[in-house]
Structure formats: C-alpha cells, structure tokens
Number of protein chains: 2
Amino acid sequence: MLHGINETLKRNQLSITDSRKKILELFVRASGALAHADIENQSGTEFDRVTIYRTLQTFVEKGIIHTIPTADNSVRYALCKDACTEGHHHDDHVHFMCDDCGKTYCLDHVTVPAVALPKGFQATQTDVIVSGKCMNCA
Amino acid sequence: MLHGINETLKRNQLSITDSRKKILELFVRASGALAHADIENQSGTEFDRVTIYRTLQTFVEKGIIHTIPTADNSVRYALCKDACTEGHHHDDHVHFMCDDCGKTYCLDHVTVPAVALPKGFQATQTDVIVSGKCMNCA
DNA sequence: TAAGTTAATGCAACAATGTTGCAAAATATT
DNA sequence: AATATTTTGCAACATTGTTGCATTAACTTA
Ligand SMILES: [Mn+2]
Ligand SMILES: [Mn+2]
Ligand SMILES: [Zn+2]
Ligand SMILES: [Zn+2]
C-alpha cells in the first residue's frame with residue numbers, strides 16, 4: 001500500500017516532495033484523525049511548522065483529507081475515503097470523539113441523518129459530532 | 001426584560017458586576033450567537049480582554065450560555081434556553097451557520113436526532129451543525 | 001452605612017496557533 | 001543538463017487564549 005502514496009499525489013497534480021509523502025503516509029498509517037500537533041510530533045524537526053500548515057491546507061483543497069469539526073474547537077484532519085475531488089468533498093459521515101483517550105474516529109458507515117429545518121433555512125452541509133467512550137475505552 | 005439580568009446573575013450565585021451585566025445583556029439582546037470578538041467590539045474598551053474570557057467561561061460553567069461547535073473552528077456562544085444548571089447542560093438542539101451572513105442560530109425547536117453507533121461506542125453527547133443559507137439570505 | 005471580608009478586574013507577561021513575504025532549495029519540464 | 005516552476009524554510013508578525021498578582025469592586029455583617 002505504500003506506493004499508493006506517490007500515486008495519490010500524482011493523481012491530484014501535486015509534485016512529490018518529502019514532506020507531502022511523509023505527511024500523507026502518517027494519515028494512511030493512522031487509525032484515527034490527526035491534529036497539526038500530532039504531525040509535528042511524529043515528524044520531529046524534519047519539516048518546518050509552516051510547511052505542515054501549507055501541506056494540510058493543500059491536501060484539504062485537493063480532497064485528500066477533510067477537516068473534522070470538534071466540540072473543543074481543535075482542528076483535526078482525516079483521510080477522505082469517499083470520492084472527494086478538488087473543491088468537492090463528500091464526507092457525509094458521522095465523527096466520534098472519545099472523551100477518554102481523545103481519539104477521533106471517522107464512522108464511515110454511519111451517514112449523517114437528514115435534519116428538518118425551519119422554513120427559509122437551506123442546508124448545504126450537515127456535520128454530526130458524537131462524543132463519549134470509544135470501543136477501546138468503554 | 002432588562003431587570004431579569006440581575007436576577008439571572010443572582011440565581012447563579014454570581015456577584016453583580018458591570019462586565020457581567022453588560023455581557024449578559026449583549027446575549028439577551030442578540031438574536032444569534034456571539035463570538036468573543038463580537039463582545040469585544042460591542043463593548044469597546046470598556047472591559048479588558050481577559051475579563052471577557054473569564055466572564056464567558058463563568059457563564060458556561062453556570063449553564064447560562066453554551067458553546068457552539070463550528071465547522072470553521074471559531075468559538076461561539078449563545079444563551080441557554082433549556083433548563084441548564086451548573087455543570088449540567090441540556091442544549092440538545094441543532095445549530096445553523098449561515099455561509100452568507102455568518103450568523104449562527106440556535107434552532108431550539110429542532111432536536112438532535114439519535115445516531116446508531118457501531119458496536120462498542122457509547123455516546124454521551126451529540127452535536128449537529130448545519131450550514132447553508134439562513135432565512136434572511138436565502 | 002461603615003469596616004472587614006471575599007471575589008472580580010486590569011495589567012503584564014507569556015504560550016499556542018496560525019499567517020505572510022521572500023530568498024533558497026527542490027521538483028518538474030524541455 | 002539547463003531552464004522554468006513549485007515548494008520549502010526562515011523570519012517576522014497577528015490572533016487567540018492563559019496565568020500570576022496587585023488593585024479595585026462587590027458583598028457581608030455589625
Ligand atoms: Mn471523517
Ligand atoms: Mn444553541
Ligand atoms: Zn477511547
Ligand atoms: Zn444569513
């Protein structure tokens with residue numbers, strides 16, 4: 001699966017650089033979501049902080065990863081598993097944050113329910129964040 | 001309705017100070033949610049930035065206001081209309097963010113749907129954030 | 001209501017997070 | 001291999017949030 005990384009970058013018309021390869025690899029290996037700080041920790045002093053910010057931003061724009069809204073207002077990112085493309089995300093799954101271990105999960109098979117809005121409101125996106133105890137901590 | 005402010009503070013065993021009165025008043029008057037910056041703007045140089053942070057924190061702890069998770073990761077606050085008490089919030093309503101005007105609404109009458117989680121996951125809280133166009137911008 | 005007690009505020013200093021411009025380095029193209 | 005393009009690292013800055021502590025304001029009780 002490791003060589004899929006270069007292909008993912010190519011497919012998205014991104015030049016293949018050390019930081020992009022390494023950061024994308026971290027996401028592929030990760031079982032849950034990653035925060036900026038996680039990436040900074042796991043890659044040591046290898047890359048500049050700014051490079052990580054820019055790489056994450058690029059990946060989001062290309063539809064390689066998506067951001068996860070959290071109740072504690074810390075930004076997290078996870079691989080897009082659906083057919084997301086540049087400027088067009090389709091990550092309509094529920095997210096789960098464990099209060100115990102802090103891990104954030106993409107529940108890819110739990111789709112977000114439809115919400116009936118009051119008259120006049122038009123939805124374009126719905127985010128659902130569930131928190132509680134995860135399968136490892138329950 | 002203005003004298004309800006002092007009573008709300010008393011009921012929550014908070015001493016009545018200028019900053020608390022003014023900030024609570026801003027929430028009562030506001031039709032939507034407020035960010036820290038909104039409060040800072042609307043109160044001018046009247047209060048120190050730190051005081052605003054501490055007041056908001058106190059109000060959240062007491063169950064007077066609740067935080068709203070947002071997709072763009074900016075903290076917003078709104079009055080609790082349900083029976084929230086110290087350390088016990090019951091704001092199980094859907095939130096709406098307008099992409100046009102930026103306003104955040106508490107849809108008090110739209111309750112969050114139940115979500116069926118995979119085996120092993122235990123929910124304690126569910127947040128639903130819908131974004132799109134609000135009644136004024138649609 | 002005045003004195004004593006308790007709690008909140010303002011200030012300064014700091015920490016964390018994120019952004020921008022630009023020269024140097026790496027990647028892609030020919 | 002030479003050139004053109006993109007990305008990176010660095011420095012500097014902006015924003016957001018936190019903490020300790022002396023001053024000030026609010027509350028309590030006499
Ligand atoms: Mn996800
Ligand atoms: Mn609300
Ligand atoms: Zn867990
Ligand atoms: Zn609007």
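Please read these numbers as outputs of a predicted model, since none were measured by experiment. Keep in mind that the numbers below use all heavy atoms, side chains included, and drop hydrogens, waters and symmetry copies. Per chain, numbering begins at 1; letters A, B, ... match sequence-line order.
- Note: B:H95 and B:H66 have tilted aromatic rings, judged against thresholds of 30 and 60 degrees for the angle between ring planes.
- Contact check for B:V112 versus B:H93: no side-chain heavy atoms found under the 4.5 Å cut-off.
- By the 4.5 Å heavy-atom criterion applied to side chains, B:F27 and B:I39 are counted as neighbours.
- Annotation for A:K133 and A:F96: closest pair O-CZ, 3.4 Å, computed over non-hydrogen atoms.
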Check: protein-nucleotides 24-29 of chain C nitrogen or oxygen pairs below 3.5 Å:
from: C:dA28; atom 1: OP1; to: A:I16; atom 2: N; distance (Å): 2.7

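- Under a 4.0 Å N-O distance rule, the pair B:K21/B:E25 does not qualify as a salt bridge.
- Judged by distance alone, the side chains of B:T51 and B:R54 never bring a donor and an acceptor atom under 3.5 Å apart.
- As rounded to whole Å, 12 Å separates atom C1' of D:dT7 from atom CZ of A:F59.
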At a cut-off of 3.5 Å, list every protein nitrogen or oxygen paired with a nitrogen or oxygen from nucleotides 28-30 of chain D, distance to 0.1 Å.
none

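- In this structure, the OH atom of A:Y53 is 15 Å from the C1' atom of D:dG9, given to the nearest Å.
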Under-3.5 Å N/O pairs linking protein and nucleotides 10-14 of chain C:
from: C:dG10; atom 1: OP2; to: B:D48; atom 2: N; distance (Å): 3.1
from: C:dG10; atom 1: OP2; to: B:T51; atom 2: OG1; distance (Å): 2.5
from: C:dG10; atom 1: N7; to: B:R54; atom 2: NH2; distance (Å): 3.2
from: C:dG10; atom 1: O6; to: B:R54; atom 2: NH2; distance (Å): 2.6

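- In this structure, CD of B:Q13 is placed 13 Å from P of D:dC27, rounded to the nearest angstrom.
- At whole-Å resolution of the value, CG in A:D72 and P in D:dT16 are 18 Å apart.
- Nearest heavy-atom pair, B:T124 versus A:G132, reported as atom, atom and distance to 0.1 Å: OG1-CA, 3.5 Å.
- Distance CG (B:N6) to P (D:dC27): 9 Å, rounded to an integer number of Å.
- Distance B:K21 NZ to C:dT9 P: 12 Å, rounded to the nearest Å.
- Every residue two or more places apart in sequence or in another chain was checked for a salt bridge (Lys or Arg N to Asp or Glu O under 4.0 Å) with A:E61, and none qualifies.
- Not a single salt bridge (Lys or Arg N to Asp or Glu O under 4.0 Å) links A:K103 to another residue, sequence neighbours left out.
- As rounded to whole Å, 15 Å separates atom P of C:dA8 from atom CG of B:L56.
- For the side chain to side chain contact (heavy atoms under 4.5 Å, CB included) test, no residue two or more places apart in sequence or in another chain qualifies with B:T111.
- Regarding A:R20, its CZ atom lies at a distance of 12 Å from the P atom of D:dG9, rounded to whole Å.
- Proximity of A:L14 to A:R20: side-chain heavy atoms (C-beta onward) are separated by under 4.5 Å at one or more points.
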